[in-house]
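Read the structure below first, then the notes.
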Amino acid sequence: MIGKLRVVNSLTREKEVFEPLNPPHVGMYVCGPTVYSDVHLGNVRTFMSFDVIYRYLQFLGYKVRYVRNITDVGHLSDTGEDKISKKAKLESLEPMEIVQKYTNDFHQVMHTFNLLPPDIEPTATGHLMEQMEMIQELVDNGYAYESNGSVYFDINQFSDKFEYGKLSGRKTEDMLNQTRELDGGSDKRNPLDFALWKKAAPEHIMRWNTKWSDGFPGWHLECSVMSTKYLGEEFDIHGGGMDLKFPHHECEIAQNAGSKGKDGAKYWMHTNMLTVNGTKMSKSLGNSFLPHQLISGDHELLERGFSPMTIRFFMLQSHYASTLDFSNEALNAAQKGYMKLANGLRLIKSYEYPAGGQEDINQKQADQINKICDNCHHAMNDDFNTALAIGHLFNLVKKVNSIQAGQLKLEEIGQETFDRMKTTFISFAEDILGLRLESEISSQNLLDVILEEYKSAKEAKNYDKVDELRAKLKSEGVIVKDMKTGIDWAFEES
RNA sequence: GGUCCUGUGGCCGAGUGGCUAGGCAGAGCUCUGCAAAAGCUCGUACAGCGGUUCGAAUCCGCUCGGGACCUCCA
């Protein structure tokens with residue numbers, strides 16, 4: 001391994017050396033989607049970021065258990081209605097039909113963008129027993145109370161022994177001062193208290209009978225319960241979007257500490273938002289487009305559609321903790337950049353070191369290549385800096401292209417460096433960044449035949465034929481590379 | 001109002017106090033039947049004003065601009 005992995009921990013606000021609690025095992029929990037409508041791009045970026053983190057940890061040799069939940073109950077909309085119930089009523093379906101439908105869609109989108117599935121994908125409704133147990137634990141420990149059939153987390157009691165607000169950097173007294181007047185009739189003792197169990201209103205569809213009431217679990221509870229169940233009371237990484245930091249993750253920490261005496265995760269990681277024209281892309285602001293709209297280009301903000309790998313490349317060209325702004329220009333640039341990288345990937349995969357080749361090492365070249373390979377590792381070790389890693393990969397693309405053009409000979413870099421360059425390029429592009437070739441070149445052999453024809457036409461100086469073949473291939477997205485050293489092809493970049 | 005992030009060349013976007021980020025666009029050169037592709041070279045950027053330092057895009061302060069969270073969102 002080259003150097004140590006360092007990650008920015010939201011809890012400490014510092015970049016720390018990553019040291020798993022029980023190496024080589026790593027437990028990672030990421031807050032998944034609430035399946036009440038289509039996933040939007042922000043979700044995709046977050047899950048893609050953790051996909052790369054998952055992949056890189058595995059690349060480093062860790063045995064990772066990646067848990068990402070499906071929220072299928074308890075997440076309330078601003079009207080206080082359960083999001084899934086609301087949608088079910090709207091579409092006249094069973095709540096579980098809504099859940100199934102959007103879970104399927106979600107999986108489809110994840111697959112489209114080449115995200116690896118998590119190792120465990122638990123649902124909230126599948127863990128109601130465990131949620132009730134945790135509520136009881138909190139009540140027993142004095143950090144929760146029942147009020148009119150609902151159970152609330154008691155921030156005041158909790159604050160005697162623990163610190164509520166440490167993740168998001170808030171102080172309870174400040175929060176209290178800012179709290180808006182609650183509309184009367186609240187069952188809470190303190191406005192900051194949050195629901196663990198809610199008594200269901202008569203029209204509420206999703207409900208379970210418990211000793212407290214006929215009701216449903218609070219949103220924050222499931223993550224505490226499921227992360228604890230599958231990863232233990234203490235585990236390594238907990239991730240999610242920045243907007244979940246408060247209150248969701250703050251509440252999770254409180255629930256974990258209140259029930260088990262431990263905070264849960266050692267490293268908290270938060271991905272930043274997607275913006276459109278500088279403003280957060282958000283469901284409620286209505287300035288978001290859906291993944292399939294970005295792919296098809298069917299949205300008023302989009303000039304054209306972009307392939308899934310272009311979008312993946314585009315997203316990974318920024319660091320996960322930075323905001324990423326969407327624009328047609330940026331996407332167009334990413335499209336060309338991605339194709340350039342894809343061409344490099346295809347090329348290096350086709351290279352084999354000549355058997356029995358006489359090495360004639362150009363030390364400067366070999367050193368440069370080794371340095372670039374080192375840099376790829378350093379970039380990912382530095383808090384999963386995919387943007388920087390991609391930059392280094394492009395330096396490798398230059399070398400790969402030089403080899404194709406005959407400007408750089410494999411014998412000059414030697415077998416050892418060549419092997420390293422090849423494995424580094426392929427593993428970073430495909431295994432870690434999760435990029436893959438997506439252009440369908442139906443038949444390599446057929447292409448070779450046409451290029452053969454091109455070659456003979458060229459030799460016969462039959463330029464009309466040459467131009468015709470070139471144009472035909474271009475219309476199929478293939479560019480002829482007519483080089484001094486021979487004829488080859490590449491994916492068209494735009 | 002409170003908490004916090006941020007301002008990099010035409011655009012996007014990394015950036016550890018001194019060592020070429022990178023991509024897109026643009027200019028020139030090489031190669032070429034013409035091209036394309038590729039390679040090489042180039043613009044010498046860090047909101048403004050102060051300060052710390054031998055040296056700051058990078059640290060500190062102030063000013064101005066942008067944004068996020070505090071209420072559902074990844």
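In what follows, chains carry the letters A, B, and so on, assigned in the order in which the sequence lines appear, proteins first and then strands, with residues in each chain numbered from 1.
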Query raised in the report: Taking OP1 and OP2 of B:rA21, is either one under 4.0 Å from a side-chain nitrogen or oxygen of A:Asn395?
Result: no
Query raised in the report: Does A:Asn401 have a side-chain nitrogen or oxygen under 4.0 Å from the phosphate oxygens OP1 or OP2 of B:rA38?
Result: no
Any base atoms under 4.0 Å from [X], or only sugar-phosphate, or nothing? Heavy atoms, all strands.
X	result
A:Leu341	nothing
A:Ile479	sugar-phosphate
A:Val44	nothing
A:Asn332	nothing
A:Lys280	base
A:Ala490	nothing
A:Phe394	sugar-phosphate
A:His40	base

**Report entry** Ring geometry between A:Phe18 and A:Tyr267 (parallel below 30°, tilted from 30 to 60°, perpendicular above 60°)
**Finding:**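 A:Tyr267 and A:Phe18: tilted rings.
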Query raised in the report: Can you tell me how far C1' in B:rU8 sits from the matching atom in B:rG48, rounded to whole Å?
Result: 15 Å
Query - Rounded distance (Å) that lies between atom C1' of B:rC5 and atom CG of A:Asp243 - result: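 Taking CG of A:Asp243 and C1' of B:rC5, I get 14 Å after rounding.
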Query raised in the report: Nearest of B:rC40, B:rA38, B:rA14 to any side-chain atom of A:Lys481?
Result: B:rA38
Query raised in the report: Side chain of A:Arg470, base of B:rA36: donor and acceptor closer than 3.5 Å?
Result: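 Absent.
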**Report entry** Any strand: nucleotide that pairs with B:rU20 via Watson-Crick or wobble, under 3.5 Å
**Finding:**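 B:rU20 is paired with nothing.
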Query raised in the report: Does B:rG39 have a Watson-Crick or wobble mate here (both distances under 3.5 Å), and if so which one?
Result: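 For B:rG39, the partner nucleotide comes out as B:rC29, under the 3.5 Å rule.
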Query raised in the report: When the nearest nucleotide of RNA chain B is assigned to A:Ser168 and to A:Gln404 on a heavy-atom basis, which residue is associated with the more 5' position?
Result: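 Comparing both residues, the 5'-ward one is A:Ser168.
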